[in-house]
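Below: one structure, written as structure tokens.
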Amino acid sequence: MGDSTALPFLPGNTFTDPTKVNFHRAQTMTYKNGFAIPKTGLIPGMTEAEIDELANLQPSLTYGKAKPEPPQDFVPAHVAFDKKVLLFNAYFKQTLNESDKEYYRVRPVKIYYYLEDDSISVVEPIVENSGIPQGKLIKRQRLPKNDQGEHWLWKDLNVGNDVVFYGKTFHIYDCNNYTKDFMCSEGIMLNPPEDCPPDPYTLSRKEPHHTYVTPPTFDKLKQFIDLDRQVLRFSAVWDDRNNMFGEMRPYTLHFYRVDDTIEVREQRQPNDGHDPFPVLIGRKKVPKARSNIPSNFPSAVMEISEHEITEWLTEKDLRVGETVIIMDRPFFLYDCDNFTQSYYQQIYGLNFNRVPVELGERKVEVKREIPPYNGFGSPQDSKQNCLSLIAQPPKKDVMKMLENDLKILRYAAVMESPNPEDKNRKFIISYSLAKDEMQIYEPHQRNAGIIEGKFLEYSQVRKPGSSVDNPEYYTPADFAIGATIEVFSRKFKIADCDLYVLKYLEANASKFPEATIASIRAIHADKL
């Protein structure tokens, strides 16, 4: 075995030993307590010198020395560091000059460093409903470090350091595990991580801790049920005669016990020359001393709220015969109603008596009279123009028009005239029951020499002798057979009528005289 000139151990160069009768392999392992353990001692069939020679043997190949391994290929940086990004957690403070509740705001960001091209991007996590433009603050690029053309590298980034990107200072307070391992492999020890400072505005938005407060004995619901609709009513006057064009005006003061609010309403008089403003001061809680506020209160830009008022007017401050200041106006209480009188007597033991107050001269009421008819239009139109400022048509009886719609009474008449050419002229008088108006129509007659057509349009005809202010108009009661009516200085004699006229007058006999009905019944006796 030690002969180096022996044949190589290759197929075809070995020969079997014909004298070998034992072909088993020596076991180097044995079992003890169920576990396989190596045997101690030397390998069977080999001496110690042979084992040492075998361990130090460096055989040489038959076909020459081994070829050296080829050098590794060059790997560029964009391949070696592809998708390898360092992540640093940082924050910056945003100064707020337009808010009086906060001076700065802490905005956390994430700084991504891409190893393949030394580019950096800054991203702010988006917070829902924050009202701040968030997301990518600085897109991925190589950021300049100074004016000498240097750029920020991963060696310049460390926990606890401040970095300036485009004039904005970012403070790094932590990084992820991959960044820590990479920096450690490059021989850079990172500073211990820090905590991100809390945002003052976010802390103020958090709900305060629950505090247990003993509920008061005052019950608003019970007060509403017991005191609702209980109103103390006072009569008051506001004397403003010391000012220019001022006067003494009456008002009604209401005090609502349910919520201690006060309302001041105007006692309006007809034709007093004032605009109709019924409510002078709306229902509200009135401060006792409205001008007594802290001197540092910015009254030029802010209104007074409940936080600045210390005392409010209550029912104890209202007394008949005393003056109460409401919104810097003095109101003198001179009377109250019966409920207020009984309430103060039962609760406070006070009896109020009316205080006489002179409210000034009462204006003489002017009697409204309808002016006489001026001859333009109908008397109804002239009267309606006096009742309203804006001209409106006279109101009509709608129910009467609906009940008597298309109901027309027709009469035959002849004209009574001293002119011989008008003696034989015949006319048809139509009376509309819906409008109480009459129409006169002249039918065609052969060789009469007069053109047929309307003699009078539908209109109300005033009786002769009636005044213009109190006119009396013709009605079906005046149209008896043989009666004469005068229409604008022309006389017509009723000679005949339709049978429908008789039926209508008999159906409403209570509204018409019996003589009129009898005259019409006489000419229709042969038709009944």
Side-chain angles (χ1 to χ4, degrees), residues 224 227-293 297 299-309 311-341 343-344 352-369 384-392:
F224 176 78
L227 304 181
D228 187 30
R229 298 181 182 275
Q230 293 190 13
V231 182
L232 304 180
R233 181 173 180 176
F234 295 89
S235 298
V237 292
W238 173 25
D239 190 359
D240 193 35
R241 290 177 293 184
N242 294 331
N243 297 327
M244 183 179 295
F245 307 113
E247 58 183 349
M248 181 179 290
R249 301 183 60 182
Y251 292 92
T252 300
L253 188 146
H254 292 158
F255 183 86
Y256 297 86
R257 296 190 59 215
V258 65
D259 53 359
D260 295 339
T261 55
I262 293 178
E263 178 187 45
V264 180
R265 303 182 68 89
E266 179 183 0
Q267 296 180 5
R268 187 170 181 272
Q269 303 295 334
N271 298 327
D272 57 358
H274 298 285
D275 292 333
F277 290 104
V279 178
L280 177 66
I281 300 176
R283 182 178 174 180
K284 63 176 70 175
K285 296 184 69 175
V286 178
K288 184 178 294 186
R290 187 173 182 272
S291 58
N292 187 14
I293 58 176
F297 180 76
S299 58
V301 295
M302 295 183 62
E303 294 183 357
I304 300 175
S305 62
E306 296 183 357
H307 301 284
E308 288 76 29
I309 304 302
E311 292 183 344
W312 303 90
L313 281 178
T314 61
E315 59 185 31
K316 299 180 181 179
D317 303 319
L318 304 178
R319 298 287 189 274
V320 174
E322 297 182 0
T323 301
V324 58
I325 305 299
I326 300 177
M327 298 297 178
D328 297 334
R329 296 178 176 88
F331 289 90
F332 178 74
L333 309 180
Y334 66 90
D335 197 5
C336 62
D337 60 354
N338 295 331
F339 172 75
T340 307
Q341 177 77 22
Y343 173 77
Y344 275 89
F352 294 148
N353 297 323
R354 176 183 174 87
V355 179
V357 175
E358 293 292 337
L359 298 178
E361 297 181 359
R362 292 284 184 176
K363 294 184 179 180
V364 179
E365 296 183 0
V366 180
K367 185 179 180 180
R368 300 180 61 184
E369 296 182 357
Q384 187 68 25
N385 292 339
C386 299
L387 299 179
S388 61
L389 181 62
I390 301 176
Q392 297 179 357

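Since the structure is predicted, the reported quantities are computational estimates derived from the model, not experimental observations.
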Can you name the one residue among Glu266, Gln267, Glu263, Arg265 that meets side-chain hydrogen bond (donor to acceptor under 3.5 Å, both in side chains) with Thr252?
-> Gln267
Where at least one partner belongs to residues 319-335, residue pairs that pass side chain to side chain donor-acceptor pair (under 3.5 Å), sequence neighbours excluded = Asp335-Arg354
Is it true that Lys288 and Asp317 have a side-chain N and a carboxylate O under 4.0 angstrom from each other?
-> yes
Could you walk me through whether Thr261 and Arg283 pass the side-chain hydrogen bond (donor to acceptor under 3.5 Å, both in side chains) test, one step at a time?
-> CA-CA 6 Å; Thr261 55; Arg283 182 178 174 180; 2.9 Å; yes
Applying ring pair (Phe, Tyr, Trp, His ring centres under 6.0 Å), name anything that partners Tyr256, two or more places apart in sequence or on another chain.
-> none
Would you mind reporting whether Arg268 and Phe277 have side-chain heavy atoms less than 4.5 Å apart?
-> no
Is the closest side-chain heavy-atom distance between Ile326 and Leu313 below 4.5 Å?
-> yes
In terms of heavy-atom contacts, Val237 and Pro250 come closest through CG1-CA, 4.1 Å
Is the CG atom of Asn243 crowded by more than 12 outside heavy atoms at less than 6.0 Å?
-> yes
Can you find a heavy atom in the side chain of Ile262 that is under 4.5 Å from one in the side chain of Lys285?
-> no
Kindly determine whether Tyr343 and Asn338 satisfy side chain to side chain contact (heavy atoms under 4.5 Å, CB included), including the steps that lead there.
-> CA-CA 9 Å; Tyr343 173 77; Asn338 295 331; over 6 Å; no
Checking side chain to side chain contact (heavy atoms under 4.5 Å, CB included) for the pair Arg249/His274: CA distance, chi angles, key distance, verdict?
-> CA-CA 11 Å; Arg249 301 183 60 182; His274 298 285; 3.6 Å; yes
Using the ring of each side chain (for Trp, its six-membered ring), is Phe352 parallel, tilted or perpendicular to Tyr344, with breaks at 30° and 60°?
-> tilted
Below 4.5 Å, heavy atoms only, C-beta onward: do Arg233 and Cys336 meet side chain to side chain?
-> no
So do the side chains of Asn353 and Val320 get within less than 4.5 Å of each other, counting heavy atoms only?
-> no
Derivation and outcome, side chain to side chain contact (heavy atoms under 4.5 Å, CB included), residues Leu232 and Phe339 | CA-CA 7 Å; Leu232 304 180; Phe339 172 75; 3.8 Å; yes
Side chain to side chain, Met248 and Val357, heavy atoms closer than 4.5 Å = yes
Verify the ring-centre separation between Phe234 and Phe255: is it less than 6.0 angstrom?
-> no
Does the pair Val355 and Phe332 meet the rule for a side chain to side chain contact (heavy atoms under 4.5 Å, CB included), with working shown?
-> CA-CA 10 Å; Val355 179; Phe332 178 74; 3.9 Å; yes
Over all heavy atoms of both residues, which pair between Arg241 and Glu247 is shortest? Give the atoms and the distance, please.
-> CG-CA, 3.6 Å
Within a strict 4.5 Å, meaning less than it, do heavy atoms of the Val231 and Val258 side chains meet?
-> no
